[in-house]
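One structure is given here, and the rest of the page talks about it.
Every heavy atom of this structure was used, including side-chain atoms; hydrogens, water molecules and symmetry mates were not.
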Amino acid sequence: SAVLADIKRLDLDTSEGPPRNAFLTLNPVAIAEAQALDRDVANGRTKGPLFCLPVAVKDAFATADMPTTVGSLSLVGNWPPMDATLVTRLRHAGAIVIGKTNLDEFALGVRGISGAGGRVGNAYDPWQSAGGSSSGSGVAVGFGFVPLAVASDSCGSLRITAVYNGAVTLRPTYGRFDTDGMFPMAFARHPHAASGIGGHRGQLASRKSRCRIRAQGQASWSGPTIASREPLGCGGCGYSFTFRQRHCASAASGCEHREC
């Protein structure tokens, strides 16, 4: 309750300048979820590695109990039918998703400005830029609203906001973390490949130890991968690789891409 109270009191405060505006939505049942975890532990359930830790989630990840707008007016009121894999694993680890954070619209930009949420102010000086596109997540950690936030990075979205707002970040290897349920920046052309490509999923934290614990609990390879410095194509299955690292839909059935 103290975390929610601080966010409600300070996130939109304009007494010393523009608001920080880090959050788009707060979880209306966050306190009930924390109370349920306390009851489970009292009944003998083992605590998860993120037990009752308040976590902020970038509004590019699907949540079934909160809208997902990706910062766009065109998606206001959009309620996904299920959580992103990331959010599911956070909850299983005992974390409390405290709310969804503001971002550059459709995660495209480095200024922290969206149609759905407006401008995000820097954690230390709201007159200054918070960076982007994971601006709200960086401010939520840097200002001290939450000790951990999850976000994404295609061209600096984690790293820029961490530097601007005094947070620690981890931008993992592509494929290290499952991206199902993350808003896609582009769409894969191969019919058997993942439907969307949304960048690197990662986290921002108040200190390195929290980044490490969070990473250990969330790591999962999505499938066989092939890495290259140049665009590749496979003569065996016809699959075209247009990024530095991509999944091979035919690898599981024996294709070794000998002709790449």
Side-chain angles (χ1 to χ4, degrees), residues 1-34 50 52-63 65-73 75-79 87 90 95-107 109-152 157-158 160-169 183 203-207 210 214:
S1 60
V3 174
L4 286 171
D6 281 347
I7 296 171
K8 291 175 181 178
R9 180 170 58 90
L10 298 172
D11 192 37
L12 298 178
D13 178 46
T14 58
S15 62
E16 299 180 359
R20 286 179 172 82
N21 201 24
F23 286 86
L24 286 172
T25 308
L26 294 179
N27 185 355
V29 295
I31 294 176
E33 290 176 358
L50 302 179
C52 275
L53 189 73
V55 176
V57 173
K58 184 178 181 178
D59 197 32
F61 295 90
T63 47
D65 54 357
M66 287 174 280
T68 301
T69 70
V70 203
S72 174
L73 285 173
L75 291 176
V76 168
N78 172 49
W79 287 77
V87 177
L90 284 172
I96 304 297
V97 178
I98 209 74
K100 307 289 289 293
T101 55
N102 205 350
L103 69 160
D104 281 282
E105 191 158 348
F106 292 122
V110 294
R111 297 182 179 181
I113 300 174
S114 74
R119 175 188 178 272
V120 180
N122 186 278
Y124 291 90
D125 181 353
W127 290 99
Q128 304 301 320
S129 172
S133 65
S134 304
S135 46
S137 294
V139 172
V141 171
F143 191 69
F145 286 136
V146 293
L148 181 69
V150 293
S152 59
S157 297
L158 285 165
I160 293 170
T161 51
V163 171
Y164 278 33
N165 297 285
V168 177
T169 191
F183 183 81
Q203 60 261 353
L204 299 112
S206 54
R207 56 177 185 261
R210 286 206 171 99
R214 159 68 173 72

Rounded distance [0.5 Å steps], OG in S133 versus CD1 in I113
12.5 Å
At their closest point, which heavy atom of V120 faces which heavy atom of S135, and how far apart are they?
CG2-OG, 3.5 Å
Tell me, please, which residues at least two apart from S1 pass side-chain hydrogen bond (donor to acceptor under 3.5 Å, both in side chains).
none
Return the set of residues passing side-chain contact (heavy atoms from CB on, under 4.5 Å) with A34 (not counting sequence neighbours), or none when no residue passes.
C52, I96
Kindly check if the number of other-residue, nucleotide or ligand heavy atoms within 6.0 Å of CZ (R111) is above 12?
no
Just grab all the side-chain hydrogen bond (donor to acceptor under 3.5 Å, both in side chains) pairs involving residues 17-26, residues at least two apart or on different chains.
none
Ring pair (Phe, Tyr, Trp, His ring centres under 6.0 Å) filter on F61, not counting sequence neighbours, yields none
So which atom in T169 and which in Q203 form the shortest heavy-atom distance, rounded to 0.1 Å?
OG1-O, 2.9 Å
Enter the distance from S152:OG to F183:CZ here, rounded to the nearest 0.5 Å.
10.5 Å
Between I98 and F145, is there a side-chain heavy-atom distance shorter than 4.5 Å?
no
Report the distance from atom CZ of R119 to atom CG of D104, rounding to the nearest 0.5 Å.
11.5 Å
Who pairs with L73 by side-chain contact (heavy atoms from CB on, under 4.5 Å), at least two apart in sequence or on another chain?
V76
Rounding to 0.5 Å, atoms CG (L24) and OG (S114) come to a distance of 5.5 Å
Smallest separation among heavy atoms of L103 and A60, with atom names
CD1-CB, 4.2 Å
Quick check for you: to the nearest 0.5 Å, what is the distance between T63 atom OG1 and N27 atom CG?
8.5 Å
For D13, enumerate each residue passing the salt bridge (Lys or Arg N to Asp or Glu O under 4.0 Å) test, keeping only those at least two apart in sequence or located in another chain.
none
Between V55 and A149, the two heavy atoms sitting closest are CG1-CA, 4.4 Å
Could you pull out the closest heavy-atom pair between A151 and L158, with the gap in Å?
CB-CD2, 3.7 Å
Could you tell me the separation between the CG atom of D11 and the OG1 atom of T101, rounded to the nearest 0.5 Å?
10.5 Å
side-chain contact (heavy atoms from CB on, under 4.5 Å) against D125, all qualifying residues, sequence neighbours excluded
W127, Q128
Side-chain contact, heavy-atom cut-off 4.5 Å: V97 with M66?
yes
Who pairs with S72 by side-chain contact (heavy atoms from CB on, under 4.5 Å), at least two apart in sequence or on another chain?
S74, E105, F106
Using every non-hydrogen atom in the two residues, find where P19 and T14 come nearest and quote the distance to one decimal.
CD-CG2, 3.8 Å
Student check: side-chain heavy atoms of T68 and L75 closer than 4.5 Å
no
Do N78 and P67 have side chains that get closer than 4.5 Å, going by heavy atoms?
no
Partners meeting side-chain hydrogen bond (donor to acceptor under 3.5 Å, both in side chains) with D6 (sequence neighbours left out):
R9
Quick test of your reading: applying salt bridge (Lys or Arg N to Asp or Glu O under 4.0 Å), list the pairs with at least one residue in residues 52-63, sequence neighbours left out, ordered by first then second residue.
D59-K100
Are any side-chain N or O atoms of N165 and backbone N or O atoms of A130, one a donor and one an acceptor, separated by less than 3.5 Å?
yes
